[in-house]
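Single-structure report; data block below.
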Amino acid sequence: MSASWWQSFDPGWSILAILLTLIIFQLSLMLFEKSKRNSLFHPLITGPVAIAAGIALLPVTFHGYQDRVAILTWLLGPATVALAIPLHRQLPNIRTHAAAILLTTLLGGSAAVAIALAGAAIMGADPVVMHSLASKSITTPIALSISELIGGIGQLAAGAVIITGVAGALTAPPLLRSIGITDTRIIGFTLGLTAHGIGTARAFDIDLQAGAYASLGMGLTGLLTALILPLLFI
Amino acid sequence: MIPVVNGLVLLFAALWLGNLLQSLWLHTIPGPVLGMLLMLGFLTLRQSEPDGLGAVAQWFIRYLSFFFIPAAVGIWFLDSEIVRQWPAILVATVPATIATQLLVALLLQALLKHRGAPE
């Protein structure tokens with residue numbers, strides 16, 4: 001028997017779920033600013049922890065929650081298209097070294113996938129886990145749609161993207177300084193390529209040039225990975 | 001026309017065309033990514049940015065983390081079969097990312113030096 005319209009349509013619960021998600025997001029943003037924008041306190045860490053705790057304590061399931069806030073996830077689609085605008089704005093800046101940038105994106109983006117998969121394979125991961133980890137370095141909306149296409153688990157892909165972003169945003173600046181790299185173009189691009197949006201936010205805290213190169217690294221890597229990765233898995 | 005509406009029309013047109021392109025022809029590329037490519041092509045051909053598109057895009061990008069929160073909650077509700085593989089997941093995310101960063105930074109540094117074009 002299919003559900004009646006009054007059972008499937010529960011705007012009250014959807015609005016409440018979205019409202020609670022908004023309030024938690026607001027509190028996570030405040031905490032992030034309080035922590036002086038430390039990536040460990042990124043809203044994508046603290047927000048989901050608070051919501052997961054809420055789901056565990058209240059008489060709701062994760063899938064029930066996800067269904068009610070599905071419209072938020074759906075908005076990742078237009079957000080992906082929107083990424084074209086900052087990418088288009090950054091392109092003129094690299095005209096003098098476009099080849100270096102594109103080659104680094106191609107090799108670095110491939111290395112990000114290959115090293116992650118090699119590491120997971122050595123540790124004996126199942127194929128489905130490997131498929132979920134392949135998109136870990138790219139921006140969240142693209143990662144989610146790729147993992148769906150190549151048969152990964154969306155929940156794990158989302159988690160891997162966030163862990164990678166936070167770890168990458170924390171490690172890149174001290175790591176690159178330790179090997180004597182001070183060029184903020186390189187630091188920014190590395191942050192964007194390996195740690196997507198979380199790394200890009202970190203880069204904008206260094207300076208504008210680092211942020212611009214990070215946006216470029218994030219956009220190009222997301223685009224190239226989306227074009228190439230599914231071909232290897234389907 | 002109201003600039004914000006103009007921007008939204010372009011954004012959703014690109015998304016719709018991208019999804020259409022995926023379902024009809026390019027099955028291996030996510031529709032939103034094709035939409036992004038179409039938008040990039042459109043902007044490159046047109047050269048200037050249409051009114052309102054920048055503001056609309058900035059709004060969507062600024063709240064990207066918010067839209068991603070429901071998906072991010074999922075990591076706390078994985079099957080135990082997957083959770084058991086956490087060492088592999090950790091290796092693929094943390095040390096692998098550090099190794100990639102070293103490689104990317106050194107490669108870009110070498111290529112920029114080779115080109116000899118400091119900005």
Side-chain angles (χ1 to χ4, degrees), chain A residues 25 43-44 47-48 51-52 62 66 69 72-73 75-85 88 96-97 100 104 108 111-112 115-116 119-120 123 125 129 133 136 140 142 144-145 155-156 158-160 162-164 167-168 171-172 175-176 181 186 189-190 193-194 197 226-227 230-231 234, chain B residues 11-12 14-15 18 28-33 35-37 39-40 43-44 49 53-54 56-57 60-61 64-78 82 85 87-89 91-109 111-112 114-115 117 119:
Chain A
F25 184 64
L44 277 178
I51 292 170
F62 166 62
Q66 211 180 23
V69 297
L72 299 182
T73 309
L75 285 169
L76 289 170
T80 306
V81 179
L83 291 172
I85 286 92
H88 176 254
T96 52
H97 44 277
T104 306
I115 296 172
M123 301 299 291
V129 168
L133 294 172
K136 57 116 199 168
T140 49
I142 303 184
L144 212 56
S145 45
Q155 281 163 259
L156 178 55
I162 294 169
I163 299 170
T164 301
T171 57
L175 180 73
L176 300 193
I181 292 178
I186 299 177
F189 197 78
T190 305
L193 192 155
T194 59
L227 297 181
L231 296 177
I234 295 178
Chain B
L11 204 67
F12 278 82
L15 179 61
T28 63
I29 305 168
V33 174
M36 179 188 173
L37 263 180
M39 182 62 89
L40 199 60
L43 291 173
T44 308
E49 213 175 272
L53 188 61
V56 168
F60 272 101
I61 293 169
L64 207 58
S65 322
F66 177 59
F67 305 146
F68 197 61
I69 281 186
V73 174
I75 187 91
W76 301 102
F77 299 96
L78 285 169
I82 306 295
Q85 301 183 47
I89 297 166
V91 166
T93 47
V94 184
T97 301
I98 295 175
T100 310
Q101 287 179 332
L102 282 175
L103 191 120
V104 167
L106 292 172
L107 178 67
L108 185 59
Q109 191 185 38
L111 289 171
L112 287 176
H114 175 71
R115 182 71 181 66
E119 285 286 282

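If you're wondering where the values come from, they're calculated on a predicted model, not measured in any experiment. Quick note on labels: first sequence line is chain A, next is B, and so on, each numbered from 1.
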Looking at every non-hydrogen atom in both residues, tell me the closest pair between A/F62 and B/P70 and how far apart they are. CE1-O, 3.8 Å
Kindly say whether B/F77 contributes a backbone atom to a donor-acceptor pair with the side chain of A/Q155 at under 3.5 angstrom? yes
Contact class of B/Q109 relative to chain A, heavy atoms under 4.5 angstrom: both
Over all atoms of both residues, closest heavy-atom pair of B/I61 and A/A82: CD1-O, 3.5 Å
Scored by heavy-atom pairs under 4.5 Å with chain B, the best of A/A125, A/P43, A/G47 is A/A125
With no hydrogens and no angle check, is any side-chain donor or acceptor of B/Q101 less than 3.5 Å from a backbone partner on A/G168? yes
Gap between atom CD1 of B/I98 and atom CD1 of A/I115 - 0.5 Å precision: 11.5 Å
Contact class of B/F12 relative to chain A, heavy atoms under 4.5 angstrom: side chain
Looking at A/T140, A/L75, A/L72, which hits side chain to side chain contact (heavy atoms under 4.5 Å, CB included) with B/F68? A/T140
Here the pair of heavy atoms bringing B/A72 nearest to A/L44 is CB-CD2, 4.2 Å
Heavy-atom pairs under 4.5 Å with chain B: which of A/L156, A/V69, A/L176 has the most? A/L156
Straight-line distance of B/F60 CZ to A/I85 CD1, nearest 0.5 Å: 10.5 Å
Step by step, work out the side-chain contact (heavy atoms from CB on, under 4.5 Å) result for B/L108 and A/L193. CA-CA 11 Å; B/L108 185 59; A/L193 192 155; over 6 Å; no
The interface call for B/V91 against chain A, heavy-atom contacts under 4.5 Å, is side chain
Would you mind checking which part of A/A167 comes under 4.5 Å of any heavy atom in chain B, side chain (CB onward), backbone (N, CA, C, O), both or neither? side chain
Name the member of A/G197, A/G119, A/A172 that forms the most heavy-atom pairs with chain B at distances under 4.5 Å. A/A172
Relative to chain B, which of A/I163, A/I51, A/L175, A/I162 shows the most heavy atom pairs under 4.5 Å? A/L175
Return the minimal non-hydrogen interatomic distance between B/L103 and A/A111, and the atom names on each side. CD2-CB, 3.7 Å
Most chain A-contacting option - heavy-atom pairs closer than 4.5 Å, from B/V73, B/L37, B/I75, B/I89: B/V73
Residues two or more places apart in sequence or in another chain: which of them pass side-chain hydrogen bond (donor to acceptor under 3.5 Å, both in side chains) with B/S65? none
The criterion is side-chain hydrogen bond (donor to acceptor under 3.5 Å, both in side chains); which residues satisfy it with A/T73, sequence neighbours excluded? none
Taking every non-hydrogen atom, the tightest pair across B/A92 and A/L133: CB-CD1, 3.6 Å
Atom OG1 of A/T80 and atom CG of B/L64: how far apart are they, to the nearest 0.5 Å? 7.0 Å
Can you give me the closest heavy-atom contact between B/P87 and A/M123, atom names plus distance? CB-CE, 3.7 Å
So B/T97 and A/K136, do their side chains get closer than 4.5 Å, heavy atoms only? yes
